Novice: 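Okay, here's the structure, questions in a sec.
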Amino acid sequence: QVQLVESGGGLVQPGGSLRLSCAASTNIFSIDTMGWYRQAPGKQRDLVAAITRAGTTNYADSVKGRFTISRDSAKNMVYLQMDSLKPEDTAVYFCNAGRRTFPKIDYWGQGTQVTVSS
């Protein structure tokens, strides 16, 4: 069992920045993949960024060059730095922890709202 708690969402103007934080209840190196997903009303929950135990990162095309995923293993924290925010980034952002068991197991945080407006 892995518990995840997101924080850092809020209202920001286009072009602004936010940093999302995800606190994990266990050593994040015990998890195969940590990631951030987002879901807007009426839309599918989509991958935003992910980082593997080895440190390999992957980003959705829509956020490449603007968002950065990082981790602090000593604090069991994963971050998503979001710069140059656009209105289309508005969504609920969820922290995800994936364990490559068979079947695989995914853990989710409660989500944090990001609104880009004005």
Side-chain angles (χ1 to χ4, degrees):
Q1 178 67 261
V2 179
Q3 293 182 335
L4 305 170
V5 180
E6 305 99 330
S7 62
L11 175 65
V12 65
Q13 292 186 327
S17 297
L18 285 173
R19 189 185 74 161
L20 305 184
S21 299
C22 174
S25 64
T26 189
N27 185 347
I28 61 175
F29 279 117
S30 72
I31 305 168
D32 293 301
T33 304
M34 298 292 300
W36 289 93
Y37 288 70
R38 67 186 181 188
Q39 186 171 24
K43 300 289 187 178
Q44 191 73 31
R45 185 177 297 187
D46 293 323
L47 174 72
V48 177
I51 185 166
T52 69
R53 182 185 293 109
T56 301
T57 58
N58 185 54
Y59 297 92
D61 288 341
S62 60
V63 307
K64 286 180 180 176
R66 300 189 297 119
F67 291 10
T68 304
I69 188 170
S70 62
R71 65 189 178 196
D72 186 336
S73 299
K75 298 179 180 179
N76 291 331
M77 298 286 289
V78 178
Y79 306 98
L80 184 68
Q81 178 66 42
M82 305 185 294
D83 298 319
S84 301
L85 282 161
K86 304 174 180 179
E88 52 262 45
D89 296 319
T90 296
V92 177
Y93 284 70
F94 297 90
C95 186
N96 167 264
R99 295 175 62 186
R100 294 186 61 83
T101 54
F102 184 77
K104 71 174 183 177
I105 300 174
D106 285 294
Y107 301 94
W108 297 93
Q110 82 286 353
T112 185
Q113 177 72 46
V114 172
T115 302
V116 185
S117 182
S118 298

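It should be emphasised that the depicted structure is a prediction, and the values quoted were computed from it without experimental measurement. What's counted below: heavy atoms across the whole structure, side chains too, no hydrogens, waters or symmetry copies.
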Novice: For the atom pair CD (Gln13) and CG (Leu85), what is the distance rounded to the nearest 0.5 Å?
Specialist: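 Answer for the CD-CG pair, Gln13 versus Leu85, is 11.5 Å.
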
Novice: What distance do Arg100 atom CZ and Asp106 atom CG have between them, rounded to the nearest 0.5 Å?
Specialist: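 The distance works out to 10.5 Å.
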
Novice: I'd like to know whether Val116 forms a side chain to side chain contact (heavy atoms under 4.5 Å, CB included) with Met82, so could you lay out the CA-CA distance, the side-chain angles of the two residues, the decisive distance to 0.1 Å, and finally the verdict.
Specialist: CA-CA 11 Å; Val116 185; Met82 305 185 294; over 6 Å; no

Novice: I'd like to know if the side chain of Arg99 reaches the main chain of Ile105, judged simply by a donor and an acceptor atom lying under 3.5 Å from each other, with no hydrogens or angles considered.
Specialist: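 Pair absent, no side-chain N/O of Arg99 close to backbone of Ile105.
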
Novice: Rounded to the nearest 0.5 Å, how far does CG of Leu80 lie from OH of Tyr37?
Specialist: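 One finds 13.0 Å between OH of Tyr37 and CG of Leu80.
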
Novice: side-chain contact (heavy atoms from CB on, under 4.5 Å) with Leu20: which of Trp36, Tyr79, Phe67?
Specialist: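 Only one of Trp36, Tyr79, Phe67 forms a side-chain contact (heavy atoms from CB on, under 4.5 Å) with Leu20, namely Trp36.
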
Novice: Taking the side chain as every heavy atom from C-beta outward, state whether Ser117 and Leu11 have any pair of such atoms under 4.5 Å apart.
Specialist: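 With C-beta onward as the side chain, the pair touches.
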
Novice: Just checking Gln3: does its CD atom have more than 12 heavy atoms from other residues, nucleotides or ligands closer to it than 6.0 angstrom?
Specialist: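 Counting neighbours around CD of Gln3, 12 or fewer heavy atoms of other residues, nucleotides or ligands fall under 6.0 Å, so no.
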
Novice: When rounded to the nearest 0.5 angstrom, what distance separates CH2 in Trp108 from SG in Cys22?
Specialist: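 Those atoms lie 11.0 Å apart.
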
Novice: Looking only at heavy atoms, which two atoms of Asn96 and Gly98 are closest? And how far apart?
Specialist: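 Minimum heavy-atom separation between Asn96 and Gly98: OD1-N, 3.9 Å.
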
Novice: Quick check against the 3.5 Å criterion: does Glu6 have a side-chain atom that pairs as donor or acceptor with the backbone of Gly111?
Specialist: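 Side chain of Glu6 to backbone of Gly111, a donor-acceptor pair under 3.5 Å: yes, one is there.
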
Novice: Going by an N to O cut-off under 4.0 Å, is there a salt bridge joining Asp32 and Arg53?
Specialist: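 Yes, Asp32 and Arg53 are salt-bridged.
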
Novice: Is it true that Lys64 and Asp61 make a salt bridge, defined as a side-chain N closer than 4.0 Å to a carboxylate O?
Specialist: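 So Lys64 pairs with Asp61 through a salt bridge.
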
Novice: Do the side chains of Lys104 and Thr33 get nearer than 4.5 Å, heavy atoms only?
Specialist: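 SC-SC contact between Thr33 and Lys104 ruled out.
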
Novice: Compare every heavy atom of Asn76 with every heavy atom of Ile28, then report the nearest pair and how far apart it is.
Specialist: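 Here Ile28 and Asn76 meet closest at N-OD1, 3.4 Å.
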
Novice: For Thr57 and Ile51, indicate whether the former's side chain and the latter's backbone hold a donor-acceptor pair under 3.5 Å.
Specialist: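 Looks like no, no N/O pair under 3.5 Å.
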
Novice: List the atom of Leu47, the atom of Ala60, and the distance in Å for their closest heavy-atom pair.
Specialist: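 Nearest pair, atom of Leu47 first, then Ala60: O-CB, 3.4 Å.
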
Novice: Between Ala91 and Ala40, what is the shortest heavy-atom contact and its length?
Specialist: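 Reported closest heavy-atom pair: CB-N, 3.9 Å.
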
Novice: State, yes or no, whether a side-chain contact exists between Lys75 and Ser21 at a heavy-atom distance under 4.5 Å.
Specialist: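 Contact flag for Lys75/Ser21 side chains = no.
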
Novice: Any link between Phe94 and Val2 through a network of hydrophobic side chains (Ile, Leu, Val, Met, Phe, Trp, Tyr) touching at under 4.5 Å?
Specialist: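 They do not share one cluster, since no chain of ILVMFWY contacts under 4.5 Å joins Phe94 to Val2.
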
Novice: Can you give me the closest heavy-atom contact between Gly8 and Leu18, atom names plus distance?
Specialist: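 Closest approach of Gly8 to Leu18: O-CD2, 3.8 Å.
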
Novice: Do other residues, nucleotides or ligands put more than 12 heavy atoms under 6.0 Å from Gln44 CD?
Specialist: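 No.
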
Novice: What's the separation between atom CD in Gln110 and atom CG in Leu4, rounded to the nearest 0.5 Å?
Specialist: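 CG of Leu4 is found 9.0 Å from CD of Gln110.
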
Novice: Which atoms form the tightest heavy-atom contact between Tyr93 and Asp89, and what is the distance?
Specialist: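 Between these two residues, the closest heavy atoms are OH-O, 2.7 Å.
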
Novice: Give a yes or no on whether Met77 and Val48 share a hydrophobic cluster (residues Ile, Leu, Val, Met, Phe, Trp, Tyr; joining criterion: side-chain heavy atoms under 4.5 Å apart).
Specialist: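 Hydrophobic grouping puts Met77 apart from Val48.
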
Novice: Is there a donor-acceptor pair under 3.5 Å between the side chain of Arg71 and the backbone N or O of Thr52?
Specialist: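 A pair under 3.5 Å: yes.
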
